[in-house]
Engineer: 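Here it is, the structure in full.
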Amino acid sequence: MFEMFGGSEAEVSQMSRRSCTDRMIRSVVICWLLFIVISRGKPTEKKSRVLQEEPLSQLQHDDNKNFDYDHEAFLGQDEAKAFEHLSPDESKRRLRIIVDRIDDNKDGFVSEEELELWIRNVQNRHMYENVEHQWHEFDLNNDGLISWEEYRNVTYGSYLEGPLTEREYNYTNMMSRDERRFKVADSNGDMNADKPEFMAFLHPENHEHMKEVVVQETMEDIDKNGDGFIDLKEYIGDMFTAENGVEEPEWVATERQQFYEFRDKNKDGKMDREETLDWILPADYDHAVAEAKHLLYESDTNKDGKLTKEEILDKFDLFVGSQVTNYGEVLMRHDEF
């Protein structure tokens, strides 16, 4: 999937690199400002630190209203939109092709495990696309790797050229954190990231070996007194800052209760690193597994625990279907269809 992914010549090259650097720095500035706005925003706007895998869909899952959530979970958001413009016959034709792909062992059935794997791959597609989108911005020498020096120079280059000002102190911290995360993502320790390593750097919450650095970054943000723990005041303060004359929203009381009942598991009044990991990267619910079970339950007519192509096609409206018949401008961008 990664493979799916260009005065004097010296002056032009320098200007191009500087332009790229400026774009990246502006992005960093925007992200930092957004962080400040969120942390100091309206006290009723709840902020969550919980890091889920890429959601299957941002839509509400209510099959009594429509199957839009299931369509996006099964196809991905962009592909689901394409199917909206297809006739039922065309939807079924394409669905047949998809079913053949899902049936990994080619036994003529789609198991729950195969369905889960398909949904998980659809779920993760955005990560691959994100890596491809950014790759050439950082791989300046086009050697198929992104070195730490390349990443640092593109992202922070203009802030490394002169004396550090007080205003730029935050960028020094951000660069140090990026370097630490880069080193963890760099599995072979050569300070050069290939595409899987760069994906781990960009999306650490989706990689087991990156979880510790995600916890460390979270604790550095919230642990204001630097004792290595997150107490109740710090926990609430990360989401809500009281302002004069502003009544505390109801959800704050709920979060206090959550802290005592669920976050602070050993009841010592604070969260350690393990408890923080359980909070920000919960492992008790898997959306891909849940959706696979749901689709199987709704489609498995004979209740044998697996799906035939016919069972899936009979429920095509659940998987991909649309009742739209005028598909004169359908999105026919995929050769495989």
Side-chain angles (χ1 to χ4, degrees), residues 1-4 51-84 86-129 131 196 199-200 203 205-209 211 281-323 334-337:
M1 184 174 293
F2 281 122
E3 286 74 8
M4 293 190 301
L51 299 173
Q52 300 283 2
E53 292 181 336
E54 178 70 6
L56 302 182
S57 173
Q58 300 292 346
L59 302 174
Q60 182 181 4
H61 195 179
D62 187 351
D63 287 352
N64 293 322
K65 294 181 178 180
N66 55 58
F67 298 129
D68 291 348
Y69 177 97
D70 299 300
H71 294 169
E72 290 194 1
F74 184 72
L75 295 167
Q77 184 176 357
D78 292 341
E79 198 63 46
K81 291 184 182 300
F83 270 81
E84 289 178 0
L86 302 178
S87 70
D89 286 343
E90 179 64 12
S91 291
K92 290 180 180 179
R93 187 185 74 81
R94 295 191 179 198
L95 182 56
R96 286 179 181 274
I97 298 172
I98 292 174
V99 173
D100 288 337
R101 293 182 191 158
I102 299 174
D103 180 15
D104 189 56
N105 62 7
K106 307 304 177 187
D107 65 350
F109 298 95
V110 171
S111 67
E112 180 181 319
E113 291 74 18
E114 288 172 329
L115 195 54
E116 175 195 335
L117 179 61
W118 171 267
I119 293 170
R120 200 175 300 284
N121 287 337
V122 170
Q123 179 185 20
N124 291 337
R125 184 183 301 161
H126 86 287
M127 294 192 300
Y128 297 100
E129 293 174 347
V131 168
M199 186 169 71
H203 302 278
E205 68 277 5
N206 291 86
H207 298 78
E208 187 67 31
H209 70 288
K211 289 184 177 181
L281 291 168
D284 56 351
Y285 185 79
D286 190 308
H287 293 277
V289 171
E291 180 65 10
K293 290 182 180 295
H294 167 66
L295 293 176
L296 180 67
Y297 176 82
E298 295 294 336
S299 308
D300 185 14
T301 304
N302 62 7
K303 303 303 177 185
D304 64 349
K306 54 188 177 182
L307 300 176
T308 64
K309 183 178 290 186
E310 288 68 29
E311 285 176 320
I312 293 175
L313 291 173
D314 285 344
K315 294 287 290 186
F316 89 98
D317 56 332
L318 172 65
F319 288 86
V320 303
S322 169
Q323 299 305 312
H334 297 290
D335 294 338
E336 60 266 31
F337 291 124

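Since we're looking at a predicted model, the values are computed, not measured.
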Engineer: Side chains of Lys309 and Leu95: closer than 4.5 Å at any heavy-atom pair?
Structural biologist: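 No, too far: nothing below the 4.5 Å cut-off.
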Engineer: At what distance, to the nearest 0.5 angstrom, does CG of Asn121 lie from CD of Glu116?
Structural biologist: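 The CG atom of Asn121 sits 10.0 Å away from the CD atom of Glu116.
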Engineer: Nearest 0.5 Å please: distance from the CG atom of Asp300 over to the NZ atom of Lys293.
Structural biologist: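 Atom-to-atom, Asp300:CG and Lys293:NZ are 12.5 Å apart.
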Engineer: For a 4.5 angstrom cut-off between non-hydrogen side-chain atoms, does Leu307 reach Glu112?
Structural biologist: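 Sidechains of Glu112 and Leu307: no contact.
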Engineer: Suppose we screen for side chain to side chain donor-acceptor pair (under 3.5 Å). Which residues come up paired with Glu310, at least two apart in sequence or across chains?
Structural biologist: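 Listed in chain order: nothing, the list is empty.
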Engineer: For Asp107 versus Asp103, what's the shortest heavy-atom pair and its separation?
Structural biologist: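 Taking every non-hydrogen atom into account, OD1-OD1, 3.0 Å.
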Engineer: Indicate yes or no: at least one non-hydrogen side-chain atom of Glu114 is less than 4.5 angstrom from one of Lys306.
Structural biologist: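 Side chain of Glu114 against side chain of Lys306, heavy atoms only: no contact under 4.5 Å found.
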Engineer: As an exercise, state the distance from OH of Tyr128 to NE2 of His203, rounded to the nearest 0.5 Å.
Structural biologist: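 Reported to 0.5 Å precision, the distance equals 10.5 Å.
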Engineer: Asp89 side chain to Arg93 main-chain N or O, any donor-acceptor pair under 3.5 Å?
Structural biologist: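 Not at all, since once roles are kept as given, no pair shorter than 3.5 Å links the two residues.
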Engineer: Find out whether the Lys NZ or Arg CZ of Lys303 is both under 6.0 angstrom from the six-membered ring centre of Tyr297 and within 45° of the ring's axis.
Structural biologist: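 Lys303 over Tyr297 ring: yes.
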Engineer: Is any NZ, NE, NH1 or NH2 atom of the basic residue among Glu90 and Arg94 found under 4.0 Å from an Asp or Glu carboxylate oxygen of the other?
Structural biologist: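 Result for this pair is yes, salt bridge flagged.
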Engineer: Could you walk me through whether Asn302 and Glu311 pass the side chain to side chain contact (heavy atoms under 4.5 Å, CB included) test, one step at a time?
Structural biologist: CA-CA 9 Å; Asn302 62 7; Glu311 285 176 320; 3.2 Å; yes
Engineer: Indicate yes or no: at least one non-hydrogen side-chain atom of Glu113 is less than 4.5 angstrom from one of Leu117.
Structural biologist: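 Not touching, per the 4.5 Å side-chain cut-off.
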Engineer: How many angstroms lie between NZ in Lys92 and CG in Asp314, if you round to the nearest 0.5 Å?
Structural biologist: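 Separation between the atoms: 7.5 Å.
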Engineer: On a heavy-atom basis, which atom in Leu318 and which in Ser299 lie closest, and how many Å separate them?
Structural biologist: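 Smallest interatomic distance, heavy atoms only, reads CD2-OG, 3.6 Å.
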Engineer: Going from CD1 on Ile102 to CD1 on Ile312, what distance comes out if it is rounded to the nearest 0.5 angstrom?
Structural biologist: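 Answer for the CD1-CD1 pair, Ile102 versus Ile312, is 6.0 Å.
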Engineer: Within the structure provided, determine whether Ile119 and Leu295 are in side-chain contact (heavy-atom separation under 4.5 Å).
Structural biologist: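 In short, these two side chains touch, coming nearer than 4.5 Å.
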Engineer: Looking at CG of Leu281 and CD of Glu205, how far apart are the two atoms once the value is rounded to the nearest 0.5 Å?
Structural biologist: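 It comes to 7.5 Å.
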